[in-house]
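Worksheet: the structure to be examined is printed underneath.
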Amino acid sequence: MLSHDDNMRMCLTGADTPMGRALRRYWVPALLESEVSERDGDPVRIEIMGEKLVAFRDTDGNIGILNEFCCHRGASLSLGRNEDCGLRCIYHGWKFAHDGTVLDTPNVKDPEFKTRFKIKSYPAVAAGGIVWIFMGAPEDKPAFKRYPWMDLPASHLLTTIHFEDCNYVQVTEGLLDTTHLGFLHSDGLSRAGDVQIDYASKVGKMADDLAPELAAEDTEFGFHYAALRKGDSDGSHNVRITSFVAPFTVLNPNGDIATLMVPVNDTTSLFIHVFWDTEKAIGEEPLRSQQLEFVGLTDHHLDSYGISRRTFGTPATAGHHNRFGQDRAAMRAGKTFSGLPGLIEEDVAVVVSSGPIRDRSGERLSSADIGIQRLYRTLLTIAKQVDEGREPTGLGSSVDYGGIVGTSGVVDAGEPWRSLVPGHKKAQPNRKPGVPAE
């Protein structure tokens with residue numbers, strides 16, 4: 001369990017909070033690249049860690065991330081005209097470049113006026129189908145590190161987003177909890193054999209052992225978390241290793257899925273899925289639709305459950321007011337375990353049902369919750385590191401994002417599960433900023 005103070009320290013992400021300061025030391029996923037794919041296209045309102053922003057792609061292809069509100073009189077720039085390499089406010093015509101430079105103030109005669117200030121903006125990088133932004137002090141900006149899947153062609157990459165009505169830690173927990181799969185997702189696991197996609201085949205046998213042996217270990221990027229299920233009679237184990245990369249990313253044991261949980265604000269989360277396949281065109285039909293249908297991430301699923309960008313915050317959004325769309329009659333008839341329509345809907349329902357920010361002071365964590373305990377400790381640690389002027393976990397120059405994986409495999413009797421992740425380095429003692437790794 002956590003004290004109330006530690007829970008708030010972990011969950012609150014405003015710019016003046018310990019966790020907010022820590023998270024702003026990292027590159028943050030903000031939206032999908034497809035949402036700003038069109039040059040001079042419509043600007044998109046976004047919110048990250050309580051900051052309201054507007055995203056757009058200009059005439060030259062640059063992505064701009066600006067304060068949503070015009071620095072003149074506060075009108076929303078989401079109403080603005082995206083034209084001629086800048087975003088123009090429709091209130092008085094002030095125009096801003098992608099980097100915040102003021103290009104035009106047509107209602108002010110003094111030509112030097114616009115050179116005296118800039119609108120707040122954040123650097124942006126497009127990689128892996130996602131737009132990443134840096135929201136911290138310029139002097140703290142780390143090099144942008146690339147995962148291998150970021151270099152795949154778009155046809156081999158599939159990215160989706162949805163929103164959840166609760167704090168980002170609650171959403172992250174579900175990705176570090178292997179034992180819930182055989183219960184909450186038992187409907188989907190029972191159908192896995194009928195679907196001809198790799199994801200289904202990899203998760204289909206997880207219901208065979210509902211109480212696997214669990215282990216976790218700190219690494220230089222965060223931690224990894226292993227679930228060991230008994231294999232054949234020779235004493236071998238089927239092992240699934242999940243990697244948590246501070247502060248947002250979970251690499252799934254299937255080896256081809258990344259999930260990123262970002263605070264929109266303290267009580268709303270942005271959930272990004274990245275699926276990839278080095279051999280198959282998972283980003284094209286028919287595999288794209290098969291994958292999205294199985295996990296419940298089609299546009300229809302997201303719109304009807306009220307968790308897409310289009311429908312989030314409308315009456316369609318799943319919550320206690322509509323019982324999360326749960327079919328109790330089907331449950332009583334034995335047709336479904338959860339009564340919910342898909343894997344994603346099941347995850348959304350259980351984490352949102354416990355409230356905007358769950359009170360963890362009454363939790364009774366068990367041996368099944370090793371990953372959850374490690375998550376709490378890791379997040380509180382990075383907040384402490386930044387408060388003490390140290391480099392937060394995962395940002396060291398020695399950390400190779402190309403070698404961080406989630407993976408699964410079989411280990412022989414007596415063989416350590418860590419043999420499946422030989423490239424993962426254990427955590428080093430914390431260093432002061434600028435001190436090289438040993």
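Just so it is clear, the structure is predicted and the values come from calculations on it, not from any experiment.
- Taking the six-membered ring where the residue is Trp, the centroids of F221 and H424 are separated by under 6.0 Å.
- Note: F275 and H273 have parallel aromatic rings, judged against thresholds of 30 and 60 degrees for the angle between ring planes.
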Given the rule in the side chain to side chain donor-acceptor pair (under 3.5 Å) test, do N82 and R39 qualify, once you have shown the distances and angles that lead to the verdict? CA-CA 9 Å; N82 186 8; R39 299 186 183 204; over 6 Å; no

Checking salt bridge (charged side-chain N to carboxylate O under 4.0 Å, His left out) for the pair R377/D218: CA distance, chi angles, key distance, verdict? CA-CA 10 Å; R377 192 173 79 182; D218 290 338; 2.7 Å; yes

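- There is no side-chain donor-acceptor pair under 3.5 Å between T378 and T381.
- Ring orientation note: the planes of F271 and H162 are close to parallel, at an angle under 30° on the 30°/60° scale.
- S408 contributes no side-chain N or O that, together with a main-chain N or O of V239, makes up a donor-acceptor pair within less than 3.5 Å.
- The residues R358 and E363 are annotated as salt-bridged, a charged nitrogen and a carboxylate oxygen being separated by less than 4.0 angstrom.
- Of the charged side-chain nitrogens involved, at least one lies within less than 4.0 Å of a carboxylate oxygen, so that D387 and R9 count as a salt-bridged pair.
- A donor-acceptor pair shorter than 3.5 Å cannot be found between the side chains of D412 and S236.
- Using modelled atom types, one side-chain atom of H321 and one backbone atom of P315 make a donor-acceptor pair closer than 3.5 Å.
- If you run side-chain contact (heavy atoms from CB on, under 4.5 Å) between E346 and each of P341, S186, S338, only S338 comes through.
- With hydrogens and angles left out, the side-chain atoms of D5 and S3 include no donor and acceptor closer than 3.5 Å.
- Taking a cutoff of 4.0 Å between a charged side-chain nitrogen and a carboxylate oxygen, E293 and R288 do not qualify as a salt bridge.
- Judged by distance alone, the side chain of N265 and the main-chain N or O of E47 form no donor-acceptor pair under 3.5 Å.
- Using a 4.0 Å cut-off between charged side-chain N and carboxylate O, E35 and R57 make no salt bridge.
- Between R24 and E51 there is a salt bridge, with a side-chain nitrogen of the basic residue lying less than 4.0 Å from a carboxylate oxygen of the acidic one.
- Formation of a donor-acceptor pair under 3.5 Å by the D327 side chain with backbone atoms of A330 is found in this model.
- With no hydrogens or angles considered, no side-chain donor-acceptor pair links R229 and N238 at under 3.5 Å.
- The 12-atom threshold is not exceeded at CD of E279, counting heavy atoms of other residues, nucleotides or ligands nearer than 6.0 Å.
- For D42, the CG atom is loosely surrounded, since the number of other residues' heavy atoms within 6.0 Å does not exceed 12.
- Heavy atoms only, all atoms of each residue included: H180 and G174 are closest at CE1-O, 3.1 Å.
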Ring pair (Phe, Tyr, Trp, His ring centres under 6.0 Å) for Y305 and H301? Distances and angles first, verdict last. CA-CA 6 Å; Y305 214 56; H301 280 94; 9.1 Å; no

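- D99 and S121 form no side-chain donor-acceptor contact under 3.5 Å, judged by distance and modelled atom types alone.
- A donor-acceptor pair shorter than 3.5 Å can be found between the side chains of E173 and Y376.
- Under a cut-off of 6.0 angstrom, the local environment of NE2 in H4 is sparse, with at most 12 non-hydrogen atoms contributed by other residues, nucleotides or ligands.
- A salt bridge does not link K425 to D400: none of the charged nitrogens lies less than 4.0 Å from a carboxylate oxygen.
- A donor-acceptor pair is defined here as one N or O able to donate and one able to accept, closer than 3.5 Å; no such pair exists between the side chain of D140 and the backbone of A137.
- The residues K426 and E220 are annotated as not salt-bridged, no charged nitrogen and carboxylate oxygen being separated by less than 4.0 angstrom.
- Heavy atoms of other residues, nucleotides or ligands lying less than 6.0 angstrom from CZ of R146 number more than 12.
- For the side-chain contact (heavy atoms from CB on, under 4.5 Å) test with W132, the passing option among Y122, Y26, W27 is W27; the others fail.
- Applying the side-chain contact (heavy atoms from CB on, under 4.5 Å) test between D347 and each of V171, L184, V352, L175 identifies L184 as the sole match.
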